[in-house]
Every structure is written in structure tokens, then in C-alpha cells.
Number of protein chains: 2
Amino acid sequence: MNIGQAASASGVTAKMIRYYESIGLIAAAVRTQAGYRVYSSEDIHALRFIKRARNMGFSMDEARELLALWRDKTRASADVKSFALKHVRELEAKIAELQAMAQTIKHLANNCHGDDRPDCPILADIADVTPQRKAANGNGKSKRGTQDHADCSCDDAAPAAPQKH
Amino acid sequence: MNIGQAASASGVTAKMIRYYESIGLIAAAVRTQAGYRVYSSEDIHALRFIKRARNMGFSMDEARELLALWRDKTRASADVKSFALKHVRELEAKIAELQAMAQTIKHLANNCHGDDRPDCPILADIADVTPQRKAANGNGKSKRGTQDHADCSCDDAAPAAPQKH
DNA sequence: GCTTGACCTTACCACGATGGGAAGCTGCAT
DNA sequence: ATGCAGCTTCCCATCGTGGTAAGGTCAAGC
């Protein structure tokens, strides 16, 4: 099997297969005399494994660890499970972060007329995080009987921080 | 105000301020004779605006658009609102994606003994997604949103697509 | 044979957003 | 005047993926 066939058999692009090889995620492929990479069905299996792990949101490094666990016939299932659950916690942390962002914006949008007037609490809030003012949006329409839950401008306090990488 | 002070006043690192300038997100700062950048409180305001937008998960390009809207005194609030809600939809799509991944893994973990025996359905599933389809996926292009989910071998598999990068 | 086109090879660039660091200049306080 | 903190520019790295260029290889058709 050449790399193109391996790619369509595994769902991993040829480009990525070479990349995985270059970073040592998979072993260097056997080559033909002409230098073409050759793949066995076992290789395809590993590629599909990696693809699946990536689809579940594991990073390449985590995929590497999973591969190692997979190949280690003596690993304890507890190890795999705790690894998996750790990843679940990370996913959930990210989910919470995104939800906080969405919540903040939805809240602001709720207070925005959305008509052709320029007055907009969304921009007002982004621009003026400082508490206190933001009273500007109170006029008319009054779909907001509720307190404006003043700290939707609670930026740093809120879990809506950008992730670094 | 020098860049360091602007950085601590805005919460954006000096490094990033220079970067924002280099990509045209903010105007080139005035310079002293010695070449030092000088910032006004208006500049700080813009920087804080950008920071807040980023905290809400807007990309730099989106932040750029928001800035433009902010500066355009005649924009319609409806424009801002639809922009914001579009972002909310994107956030929610991502959330759903992550939730599907977490769900898949949690489900697998539930079926894992988690003891010291090697037998583990988590790895078994990742390794053996159940053959059959998925190879094809026709000619490249395959946009991001395409299925190709993590199909958990158990019936309640959920769509867990990978995030772009 | 020879040409063509699909496939392979390596190598480099790009993204988005951020951090790190080097090498050199400036400003201020001792 | 010496030293140090802060500023400048420039380059590199990240992470995962795509693009592209320049060239080698293979199989099929003439």
C-alpha cells in the first residue's frame, strides 16, 4: 500500500501521515527501492486509531500516550480510564468556558433593541467594562424589567477567559 | 504613556500591543524622538475593548469588525446584534461538539472496569471502530463540518468531530 | 521505445495568537 | 558615569493542517 491508499483507507491525509512519522507518532514506514513509503494493514489500524483519538479531542501527545497504552498489553484498565476521565474533565472545563462566553453575549444581546438605531448595549459593554455606567440601555422597549445583573461586565472574574495554548 | 504602562493599564501585553499594531488592528502609535511608542487613554480604551472581545471568544478578525462597528457612530444596533448572535451560534456549535466528545468518552469509561486488568473497552473502541465505511470519504476537500464522527460502538454514539486547530 | 498523467518524494511557507529570547538603544536614579 | 529597567526590532517556537514548488517514479497508451 502506498501512502495515498493508506490515506484513503485510514481517513488521514498523506500529508498528515508523513507528519505523524516526522514527529515520531508512528514508526518510519518501510520504503520501496524508489523511496515510496509502504504501509501494512497494521499501520492503517494505527492510523485509524490516531484519527479516532483526535476525533475525541485528544491532542497529538495524548494520542501518543493512548497508542502506547494500546500497545502495552499489560496496562491496567484503570490507567486508561483515568487518562480518559482526565480528558473529559478538560473538555468540560472548556465547555464551561465557552458557555460563559455565550451566556455573556446572549445577555447583552437580549438588551439590544436590534433595530436601526445606533444605540447598542453590546458595544457599550465591551467598550466600557467598568461597572457603573451602562445605564444607557434603559430607555423604552423595556423588555428588561429585571435588574441588568450589573456584572455581566465581569470580565476577569468570569470564567470567560480565552485559552492559551 | 509608554507601552509597558499601556500594557498594565489595558491588560494586553506589550508584545501583543505591538502585534496588534503590526496587523493593523490598532493604528500605529505615536513615537517619541527616541522611537518609543506613546499611548493616550483613548488607545488604552481601544485595547481594553479588544481584550474584552477576545475574552468573549471573538477572533482577532471579529474583534476588528467589532471595533469598526464601535467607531461607526451610525451603525444600526441590529447589525451589532446579529453579529453577536452569529458568534453565539458558533460558540454553541463548538460546545455541542465538545459535549459530544465528552459524552463518547464518558460512555466508554463507564464500561471500563478501571481495575488492574488490562482489558479495556475504551482502547478497544478507539482501535476498533467497527470496520466498514469511513474509508472512502471521497475526494479531499471534506470540509470540517462533515460527519465522520467518533462513532462509539455502542448505539448512543454521538457526533464528535474534531476542532480545526 | 516515448509521452503523459497520476502519484510519490522532500522542503518550505502559511495560518492564529502568543510567548521567548537576543542584541542593541534610551531614560532615569544613584 | 554607571547600572538597570524598559524600550526597540527581529527571529524562533508553538499546534495541526493545508498549500505549493521542484523533482523522481510508475503504469498505461501511442
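Reminder, nothing fancy here: chain letters follow the sequence lines and each chain counts from 1.
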(request) Test for a donor-acceptor pair under 3.5 Å between the base of D:dG16 and the side chain of A:Lys15, counting only N and O atoms. (result) no

(request) Rounded off to whole Å, could you give me the CD-to-P distance for the B:Gln5 and D:dA5 pair? (result) 16 Å

(message) Looking at every heavy atom in both B:Ala63 and B:Ala53, which two are closest together, and how far apart are they?
(response) CB-CB, 4.2 Å

(message) Counting only side-chain nitrogens and oxygens, does A:Arg18 get under 4.0 Å of the OP1 or OP2 atom of C:dC12?
(response) no

(request) Taking the side chain as every heavy atom from C-beta outward, state whether B:Phe58 and A:Met101 have any pair of such atoms under 4.5 Å apart. (result) no

(message) As a test of reading the structure: which of D:dT8, D:dT17, C:dA17 is closest to the side chain of A:Arg54, going by heavy atoms?
(response) D:dT17

(message) Measure CG/A:Asn2 against C1'/D:dG24 and give the value in whole Å, please.
(response) 14 Å

(message) Within the structure provided, determine whether A:Leu25 and A:Ile50 are in side-chain contact (heavy-atom separation under 4.5 Å).
(response) yes

(request) Could you check which of C:dT10, C:dG16, D:dT8 has an atom nearest any side-chain atom of B:Arg37? (result) D:dT8

(message) Between P on D:dG24 and CZ on A:Arg31, what's the gap in Å once rounded to a whole number?
(response) 16 Å

(message) Just the rounded figure in Å: distance from P of C:dA17 to OH of B:Tyr19.
(response) 6 Å

(request) Rounded to the nearest angstrom, tell me the gap between atom CZ in B:Phe58 and atom C1' in C:dA17. (result) 17 Å

Under 3.5 Å, N/O pairs linking protein and nucleotides 27-29 of chain C:
none

(request) Determine, using the 4.5 Å side-chain heavy-atom cutoff (strictly less than), whether B:Leu47 and B:Tyr36 are members of one ILVMFWY cluster. (result) no

(request) State whether B:Arg64 places a side-chain N or O below 4.0 Å from either non-bridging phosphate oxygen (OP1 or OP2) of C:dA17. (result) no

(request) Could you tell me whether B:Asp61 contacts a base, only the sugar-phosphate backbone, or nothing, with contacts defined as non-hydrogen atoms closer than 4.0 Å? (result) nothing

(request) Taking all heavy atoms of A:Ala46 and all of A:Arg71, pick out the closest pair and write down the distance. (result) CB-NH2, 3.8 Å

(message) Looking at B:Thr13, I'd like to know whether one of its side-chain N or O atoms comes within less than 4.0 Å of OP1 or OP2 on C:dG19.
(response) yes

(message) Within the structure provided, determine whether B:Glu62 and B:Phe83 are in side-chain contact (heavy-atom separation under 4.5 Å).
(response) yes

(message) Any non-hydrogen side-chain atom of B:Asp43 less than 4.5 Å from a side-chain atom of B:Ile17?
(response) no

For a quick test of your reading: what N or O donor-acceptor pairs under 3.5 Å do the side chains of residues 85-92 of chain A make, sequence neighbours left out?
{"residue": "A:His87", "atom": "NE2", "partner": "A:Met56", "partner atom": "O", "Å": "3.0"}
{"residue": "A:His87", "atom": "NE2", "partner": "A:Gly57", "partner atom": "O", "Å": "3.3"}
{"residue": "A:Glu92", "atom": "OE2", "partner": "B:Lys106", "partner atom": "NZ", "Å": "3.0"}

(request) Round to the nearest Å and state the distance from B:Met16 atom CE to C:dA17 atom P. (result) 10 Å

(message) Has B:Arg37 got a side-chain atom pairing as donor or acceptor with B:Ile3's backbone, closer than 3.5 angstrom?
(response) no

(request) Let me know the distance between CD1 of A:Ile3 and P of C:dC7, rounded to the nearest Å. (result) 13 Å

(request) To the nearest Å, give me how far apart CD1 (B:Ile17) and C1' (C:dA17) are. (result) 15 Å

(request) For A:Ser77 and B:Arg117, indicate whether the former's side chain and the latter's backbone hold a donor-acceptor pair under 3.5 Å. (result) yes

(request) Take the C1' atoms of the five end pairs on each side of the helix from C:dG1-D:dC30 to C:dT30-D:dA1, get both axes, and report the angle to 10 degrees. (result) 30°

